[in-house]
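Taking it in order: structure first as structure tokens, then the write-up.
The first residue in the sequence is number 1, and the count goes up from there. No hydrogens, no waters, no symmetry mates; every other heavy atom, side chains included, goes into these values.
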Amino acid sequence: MGLILTLIYTALIFLSVPHLVPALAPYRPQLVLAALAALASIPNLLRRAPVLLNVPWWLMTAFWGMVLVSWLPHGWLGGVLKGFFGFTPAAVLFFLIATNLRSLAGLRLLRFVLMASTVYMLGNGLWQYHTSDEETPYVMVQRLQGFEEGLRRLQGVGVLGDPNMYAQYLVALMPLLFAGRTRSFAIAVLARIPLAFLFLYGIYLTRSRGGLIGLAALVGLAAARRLKWLGGGVLSAVTVAGLLALGLTGGREVSFEAGMDRLNIWSDGLGLFKGSPLWGNGYGSFPDEVEYTAHNSFLLCAAELGLLGYLPWVGLLFVLTMQLGEVIKPQAGEPPDEELPRWARAIRMALFAFLLTSFFLSRTYAAALYLLLGLAAAVINTEAERRGLRTLPLPKNWVGRTVVISLGS
């Protein structure tokens, strides 16, 4: 039951229950679904506690807790509720996936749910994009200086209700399309390849510069396996040039001058962090203090949650990505699994592309990020159980390296 409710919850958090059934919006349906799924997951949690209650689990718990209490040092008790209602739906997604996915069958089911719900969103969006000139729930019209007509950009709804967020989500799903082994060539041709082109077309219509960077990153990461990092970097650059030539950004400038506004915001954000470096300024405070969002997930986390929130967040990203590497390249003497390494490689690619684009977007608390982190944890836990271990080996001196990475960044 826990797995079924996890699949339902994952689909509805991206499809947006308030959008599908507006009458339910006042009753916070996503939190209700999260509570039901969490209750149904308790048997799995108790049964798998020795494997699940590992370092990433506690790092995620510490980060979630810091979101909840981040306003207490500033004397605002209401900030606890703000953090709870704002971040809990995304945080729960991590725990549900890590708890209830324990096999390749579960991974495939979740992928099917994600692809089906995304095709539904893309279908609605493409229909509205090509049949209406007006702004719709799935199409945003952006006014650009020097252009008479507004730029029409595809977007999702709910947590994906922004073209840049939507493009980033689609980019992150691309590697999952090809995760695992395809025993039938027909399945690859009739399902995966057409879906990949559909996703690419959707990313193109978002006109997102972040989407452009994400696609280039995926090309580079995929090529690096055979052409090394230099070859991957060259292909990434070629991809950027090609996408710009195809007009992916829709006339939106890609230059240092066009990014000066973000550099100014980052400067203000660093000043905000220096004003309260230990516990930050409170969850959701950045736009109120600077008038804009951070346009950088790392800076947003540090400024709002301080080092007490930033350290567990960076630690979570670091430990999970390193343990995925352990799944991809098991230690000598370990019998290799045929399919889990493919999943680990795909999830790591998706996570790297998501984090790279997050350097220009405020996605610290995004549900899509905790979907990927939950998938990473699920694959790592599944591999640990396969080997008969409580947990896969942690990176050497991971605490010290997390501190260095956090302070260095």
Taking everything shown except [X] itself, do over 12 heavy atoms lie less than 6.0 Å from its [atom1]?
| X | atom1 | result |
| --- | --- | --- |
| Trp76 | CH2 | yes |
| Tyr27 | OH | no |
| Tyr292 | OH | no |
| Leu278 | CG | yes |

In sequence, state the C-alpha distance, the side-chain angles, and the governing distance for Phe298 and Trp313, and then conclude on ring pair (Phe, Tyr, Trp, His ring centres under 6.0 Å). CA-CA 9 Å; Phe298 302 89; Trp313 190 67; 5.4 Å; yes

is_close_aromatic([X], [Y]), centroid dist under 6.0 Å:
| X | Y | result |
| --- | --- | --- |
| Tyr365 | Tyr283 | yes |
| Phe63 | Phe87 | yes |
| Phe95 | Trp57 | yes |

Less than 3.5 Å apart, any donor N or O on the side chain of [X] or [Y] sitting next to an acceptor on the other?
| X | Y | value |
| --- | --- | --- |
| Asn164 | Arg209 | no |
| Asn44 | Thr99 | no |
| Asn281 | Ser276 | no |
| Tyr169 | Thr118 | yes |

Can you classify the ring geometry of Tyr204 versus Tyr201 as parallel (below 30°), tilted (30 to 60°) or perpendicular (above 60°)?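 Parallel, since the angle between the ring planes stays under 30°.
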
Can you tell which of Leu195, Leu154, Leu205 makes a side chain to side chain contact (heavy atoms under 4.5 Å, CB included) with Leu122?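 By the side chain to side chain contact (heavy atoms under 4.5 Å, CB included) criterion, Leu122 pairs with just one of Leu195, Leu154, Leu205: Leu154.
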
Cation-aromatic face contact Arg152/Tyr129, 6.0 Å, 45 degrees: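 Yes, Arg152 and Tyr129 form such a contact.
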
Mark yes or no: Arg28 above the aromatic ring of Phe85, with NZ or CZ under 6.0 Å from the six-membered ring centre and no more than 45 degrees from the axis.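 The answer is yes, since Arg28 meets both limits relative to Phe85.
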
Please round to the nearest 0.5 Å and tell me the distance separating atom [atom1] of [X] and atom [atom2] of [Y].
| X | Y | atom1 | atom2 | answer |
| --- | --- | --- | --- | --- |
| Leu160 | His19 | CG | NE2 | 11.5 Å |
| Leu104 | Leu109 | CG | CG | 11.0 Å |
| Ser406 | Leu311 | OG | CG | 4.5 Å |

Checking ring pair (Phe, Tyr, Trp, His ring centres under 6.0 Å) for the pair Trp266/Phe359: CA distance, chi angles, key distance, verdict? CA-CA 11 Å; Trp266 293 352; Phe359 196 82; 5.5 Å; yes

Let's go through Leu215 and Leu200 carefully: what are the C-alpha distance in whole Å and the side-chain angles of both, what is the deciding distance for side-chain contact (heavy atoms from CB on, under 4.5 Å) to 0.1 Å, and is it a yes or a no? CA-CA 9 Å; Leu215 284 176; Leu200 286 171; 3.7 Å; yes

Would Ile328 and Trp343 satisfy side-chain contact (heavy atoms from CB on, under 4.5 Å), going step by step from the backbone distance to the final call? CA-CA 9 Å; Ile328 295 169; Trp343 277 94; over 6 Å; no

